[in-house]
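All ligand and atom numbering here is 1-based and tracks the order in the structure.
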Amino acid sequence: MTSVKTRYACKDCGYISSRWLGRCPDCGQWNSMIEEISGRSGQTALPRGDSPGAMPISLVPVVEEDRFSTGIAELDRVLGDGVVPGSLVLLGGDPGIGKSTLLIQAASRISESGKKVLYVSGEESAQQVRLRASRLGIGSAGLYLLAETDIDRIESAIRENRPETVILDSIQAVYKPDLSSSPGGVGQVRECAAQMMRLAKTEGIAIFLVGHVTKEGALAGPRVLEHMVDTVLYFEGDRHHSFRILRGVKNRFGSTNEIGIFQMESEGLKEIVNPSEMFMANCSREGVAGSVVVSTMEGSRPLLVEIQALVCPTGFGTPRRMTAGVDYNRVSLILAVLEKRVGLHLGGQDAYVNAVGGVKIDEPAADLGIALALTSSFREIPVGRLAAVGEIGLTGEIRPVPQLEKRVTEASRLGFATCLVPGRSGTVPITGRGINILGVETLEKAIETALSL
Ligand code: TYD
Ligand code: MG
């Protein structure tokens, strides 16, 4: 084997040195020198075909992307309607969230459609993967397994077997033997990912990399991976709940505002086609104060979620405020608006707000629902079968939200009798079947309407 020369480069300023230095002599940063291979580190190749030089955009031939399905509709949706051959996809997430499960299921479905898939496991032995696969009831002839951590041997196996899709689980477990640093380090992760990138682009193979999330919440290898790959997906969820959300944060082949929803069951991950129904299934019994349903958007899909609030007098000292699934600062702002614009005396009250089911809601359209839940609990008056949508402004006005029609339609589909929306009463811009749509202009008016239904 020819020996490869390695060198060290500062990740902050790019200073190159032939040996490792604790501190970069150029920018003075400590611990910033990363090992790389001389000359071609981080180098990535363009998609197949040599560049013919600059040309007018109108003359660049349009090549239809030949996407293929993973057989898992929720995953296809997040990828932007299927997998693009030659693309490099990074799937990140906390340990144990279900990354390997999702990808082995996808691998199985892809291989069932007649495409060859190579599943490379750097963390589990082939027997372990096989065991999991048989537990999930999968094992198609087109699905190949390889337990290997040496990236050069992985590349040879890929070239030898010529699969259409490769799954590398995980990028932190593999290493480049030419580098002396240990697997999982920035230099190793970057070099291995670059090698997979070149392979994906030159051979037209779709490669999925599994990446672990560090304690700080970033993908290991300080975001270097996110810059290199075509698509970054995060698999998230609450350990205490079985549902999982697959979210796109970067996608060179589609939009990033789509999500996929799954449920972890004993037979692996199951797709959730009607998420609202799932979240509404164990909705609080009617007639309880402090519970309001909001119609929130996840990508292009509406999702109904129950917001629960509990307001009770503070025992001693400063009032406690706690939130789960909704933004803490947003709740503080809503409490301030309720105090000042509606005249609720919440100063001496503890307030707890929770989005039921372990969902995270980060859009201001949930404001009105949160405010109504807080008021309902404070006044001990239930709100009935009502869904609420609207952002709250600092002057107590209810502001319009995007995609109102979809939100209202979803509420009507699930049998809600009333939906509060932003707008002047009587002149609501939309109509819905079988649902009473009430426009409210101010928070005060909204509370009056909701609590008297
Ligand atoms: P895994 O895919 O190994 O997670 P990751 O690769 O992200 O670390 O999934 C691990 C968890 O999923 C494990 O704790 C058990 C659970 N699980 C199920 O509940 N049902 C199943 O069918 C499988 C395969 C796993
Ligand atoms: Mg795993």
Side-chain angles (χ1 to χ4, degrees), residues 70-75 78-79 88-112 117-140 143-149 151 154 165-175 183-184 188-189 192-193 196 207-221 225-226 229 231-249 259-272 275 278 357-358 360:
T70 59
I72 299 177
E74 296 290 300
L75 176 58
V78 182
L79 287 169
L88 189 63
V89 179
L90 176 65
L91 175 65
D94 291 330
I97 207 76
K99 301 180 294 298
S100 306
T101 309
L102 177 67
L103 290 180
I104 192 86
Q105 284 183 255
S108 154
R109 300 276 179 87
I110 296 171
S111 65
E112 278 163 18
V117 183
L118 178 64
Y119 187 99
V120 184
S121 175
E123 296 181 346
E124 294 163 291
S125 68
Q127 284 78 19
Q128 276 176 303
V129 180
R130 169 73 215 270
L131 212 64
R132 182 204 305 250
S134 25
R135 214 155 39 78
L136 297 176
I138 54 188
S140 147
L143 176 54
Y144 285 66
L145 291 184
L146 171 71
E148 181 57 75
T149 50
I151 196 81
I154 293 172
T165 306
V166 172
I167 288 155
L168 181 57
D169 188 359
S170 69
I171 190 70
Q172 276 97 7
V174 295
Y175 72 102
Q188 284 283 7
V189 163
C192 293
M196 288 297 112
I207 302 185
F208 288 82
L209 306 177
V210 172
H212 294 295
V213 169
T214 60
K215 268 199 250 102
E216 293 77 38
L219 281 162
L225 278 176
E226 294 194 14
V229 302
T231 303
V232 182
L233 310 179
Y234 273 96
F235 207 30
E236 20 177 271
D238 191 322
R239 281 188 164 277
H240 308 293
H241 292 90
S242 62
F243 86 93
R244 305 277 183 267
I245 292 184
L246 183 67
R247 210 180 280 278
V249 294
I259 63 161
I261 304 178
F262 297 88
Q263 194 162 4
M264 182 61 98
E265 293 184 352
S266 53
E267 309 82 47
L269 288 158
K270 211 182 94 205
E271 298 174 59
I272 303 292
M278 181 182 133
K360 279 198 193 71

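- Protein heavy atom closest to atom 4 (O) of ligand 1, with residue, atom name and distance, is G98 N, 3.1 Å.
- Protein non-hydrogen atoms do not reach within 4.0 Å of atom 15 (C) of ligand 1.
- Between the Q263 side chain and the L269 main chain, no donor and acceptor come within less than 3.5 Å of each other.
- Closest to atom 10 (C) of ligand 1 by heavy atom, among A133, S100, G96, is G96.
- For the Mg ion (ligand 2), the set of nearby N, O or S atoms under 2.8 Å includes one belonging to S100.
- Heavy atoms of G93 stay at 4.0 angstrom or farther from ligand 1.
- In this structure, L90 CG and S170 OG are separated by 10.5 Å, a value rounded to the nearest 0.5 Å.
- The nearest protein atom to atom 23 (C) of ligand 1, hydrogens excluded, is given as T101 OG1, 4.1 Å; this is a heavy-atom distance.
- For atom 17 (N) of ligand 1, the nearest non-hydrogen atom from the set Q128, M264, E267 comes from M264.
- The two residues A147 and E124 come nearest to each other via the heavy atoms CB-O, 4.1 Å.
- Taking the charged nitrogens against the carboxylate oxygens, E236 and R244 have no contact shorter than 4.0 Å, which rules out a salt bridge.
- In this structure, E265 is part of the shell of residues with a heavy atom less than 4.0 angstrom from ligand 1.
- Under the 3.5 Å distance criterion, the side-chain polar atoms of E148 are left unmatched by any main-chain donor or acceptor of I154.
- The nearest non-hydrogen atom to atom 22 (O) of ligand 1, considering only P95, G92, G268, comes from G268.
- The minimum heavy-atom distance between G260 and V78, with the atom names listed, is N-CG2, 3.3 Å.
- Set against the non-hydrogen atoms of L136, the atoms of ligand 1 under 4.0 Å away are 22 (O), 24 (C).
- The protein heavy atom nearest to atom 3 (O) of ligand 1 is R132 NH1, 3.1 Å.
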Exercise. Under the side-chain hydrogen bond (donor to acceptor under 3.5 Å, both in side chains) rule, what do E112 and S140 come out as? Steps first, then yes or no, please.
Key: CA-CA 6 Å; E112 278 163 18; S140 147; 5.6 Å; no

